[in-house]
Amino acid sequence: MEVLLHKIQGRSAERTVSLRRAGPADAAAFYALQNEVRAAMPHPEQFVPDTLENITGYLKNDLCIGMWDGERLGAYFILRCCGQSGHNYAAFMGIPQAEWDNWANADSAIVHPDYRGNGLQRKLLETALGQLKPGIVGIGATVSPENRYSLNNALASGFEIVCRREMYGGYDRYLLAKRL
């Protein structure tokens, strides 16, 4: 799918980029973008990075949408269906275990600073929603309470804060839910 961006590197510009489903061959690009964006964050502790091995697994088994500007990966979104696994965010939101198979995790949304200001987190989510497996009724997500940009994007995309708790080995997080 082609999308027209209106800002590049914080300045007005028009450029068409493509959003498409990614696969295991894109793992190195996803991993490199994650690390580049995290390193540039004023508070990198707000984002818990993933391993290359995990990212490769997500690209093989889950729904991963990337935004490409030519050959350059500029943003991505990972949506995971964790089923009955304790990694399913539904487990932390009071959703009965019998319903966990109907929930997905919005796992990561990464946008390179060059492409911010174009609503890419929302566009990537919308693209993923159009490709969800049948039966999914809700999406869970986590975000650092200090990461106002990601929190505001999630709230603008229809997520609601369910609770605040420690996750990922002691990180303060909001748990959010979006019912479909």
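Quick caveat, the model's predicted, so the values are computed rather than measured. Start at 1 with the first residue, then count along the sequence.
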### Query
Within a strict 4.5 Å, meaning less than it, do heavy atoms of the Glu160 and Leu176 side chains meet?
no
Would you list the atom pairs, donor with acceptor, under 3.5 Å between side chains in residues 150-157 and any protein atom, with sequence neighbours excluded?
unit_1 : atom_1 : unit_2 : atom_2 : d
Ser150 : OG     : Asn147 : ND2    : 3.4
Asn152 : ND2    : Arg148 : O      : 3.2
Asn153 : OD1    : Arg122 : NH1    : 3.2
Asn153 : ND2    : Gln121 : OE1    : 3.3
Asn153 : ND2    : Tyr149 : O      : 3.3
Ser157 : OG     : Asn153 : O      : 3.0

### Message
What I'd like to find out is whether the side chain of Gln97 reaches to under 4.5 Å of the side chain of Gln84, using heavy atoms alone.
### Response
yes
#### Entry: All pairs passing side-chain hydrogen bond (donor to acceptor under 3.5 Å, both in side chains) where residues 56-66 contributes a residue, at least two apart
Asp50-Tyr58
### Query
Would a hydrophobic clustering, with Ile, Leu, Val, Met, Phe, Trp and Tyr connected at side-chain separations under 4.5 Å, put Met1 with Phe77?
yes
### Task
Return the set of residues passing side chain to side chain contact (heavy atoms under 4.5 Å, CB included) with Asp172 (not counting sequence neighbours), or none when no residue passes.
Pro145, Arg164
### Task
Please answer: with hydrophobic residues joined when any side-chain heavy atoms are less than 4.5 Å apart, are Leu120 and Leu125 in the same cluster?
yes
### Task
Check whether any side-chain heavy atom of Asn105 lies under 4.5 Å from a side-chain heavy atom of Ile139, and answer yes or no.
no
### Query
Taking a hydrophobic cluster as the set of Ile, Leu, Val, Met, Phe, Trp and Tyr residues connected by side-chain heavy atoms closer than 4.5 Å, whether directly or through intermediates, do Tyr174 and Phe159 fall within one such cluster?
yes
#### Entry: CA sep, side-chain torsions, deciding dist, call: Ile78, Arg80, side chain to side chain contact (heavy atoms under 4.5 Å, CB included)
CA-CA 6 Å; Ile78 297 174; Arg80 300 179 56 216; 3.7 Å; yes
### Query
Do the non-hydrogen side-chain atoms of Asn118 and Val17 ever get within less than 4.5 Å of each other?
no
### Query
Which heavy-atom pair separates Pro113 from Val37 by the least distance, and what is that distance?
CD-CG2, 4.3 Å
### Task
Linking directly or through intermediates, with side-chain heavy atoms under 4.5 Å: list the remaining ILVMFWY members grouped with Trp103, chain and number order.
Val48, Tyr89, Phe92, Met93, Ile95, Trp100, Val137, Val162, Met167, Tyr168, Tyr171, Leu175
### Query
If every non-hydrogen atom of Leu59 is compared with every non-hydrogen atom of Ala22, which pair is closest and at what distance?
CD2-CB, 3.6 Å
### Query
If you take all heavy atoms of Cys81 and Ile136, which pair is closest and at what distance?
SG-CD1, 4.0 Å
Please tabulate, one pair per line, all N/O donor-acceptor pairs under 3.5 Å involving side-chain atoms of residues 63-76, not counting sequence neighbours.
unit_1 : atom_1 : unit_2 : atom_2 : d
Asp69  : OD2    : Arg15  : NH1    : 2.6
Asp69  : OD2    : Tyr115 : OH     : 2.7
Arg72  : NH1    : Asp114 : OD2    : 3.1
Arg72  : NH1    : Tyr115 : OH     : 3.2
Arg72  : NH2    : His112 : ND1    : 3.3
Arg72  : NH2    : His112 : NE2    : 3.3
Arg72  : NH2    : Asp114 : OD2    : 3.0

### Main-chain N/O of Gly83 paired to Asn88 side chain as donor or acceptor, under 3.5 Å
yes
### Closest contact, heavy atoms only, Gly86 versus Ala91
O-CB, 4.4 Å
### Summary
For Ile55 and Ala27 the tightest heavy-atom approach is CG2-O, 4.1 Å
### Task
Look only at the side chain of Arg38 and the backbone of Phe47, and say whether a donor-acceptor pair between them is shorter than 3.5 Å.
yes
### Arg173 side chain near Val143 side chain, heavy-atom distance below 4.5 Å
no
Could you list the donor-acceptor pairs under 3.5 angstrom formed between side-chain atoms of residues 2-9 and any protein atom two or more places apart in sequence or on another chain?
unit_1 : atom_1 : unit_2 : atom_2 : d
Gln9   : OE1    : Arg11  : NH2    : 3.1

### Task
Please say whether more than 12 non-hydrogen atoms of neighbouring residues, nucleotides or ligands are located less than 6.0 Å from CD in Glu53.
no
### Task
Please test Arg21 against Asp26 for salt bridge (Lys or Arg N to Asp or Glu O under 4.0 Å), starting from the C-alpha separation and ending with a verdict.
CA-CA 10 Å; Arg21 189 166 187 162; Asp26 301 309; over 6 Å; no
### Min side-chain heavy-atom separation Leu180-Lys178 under 4.5 Å
yes
### Non-hydrogen side-chain atoms of Gln34 and Leu52 separated by less than 4.5 Å
no
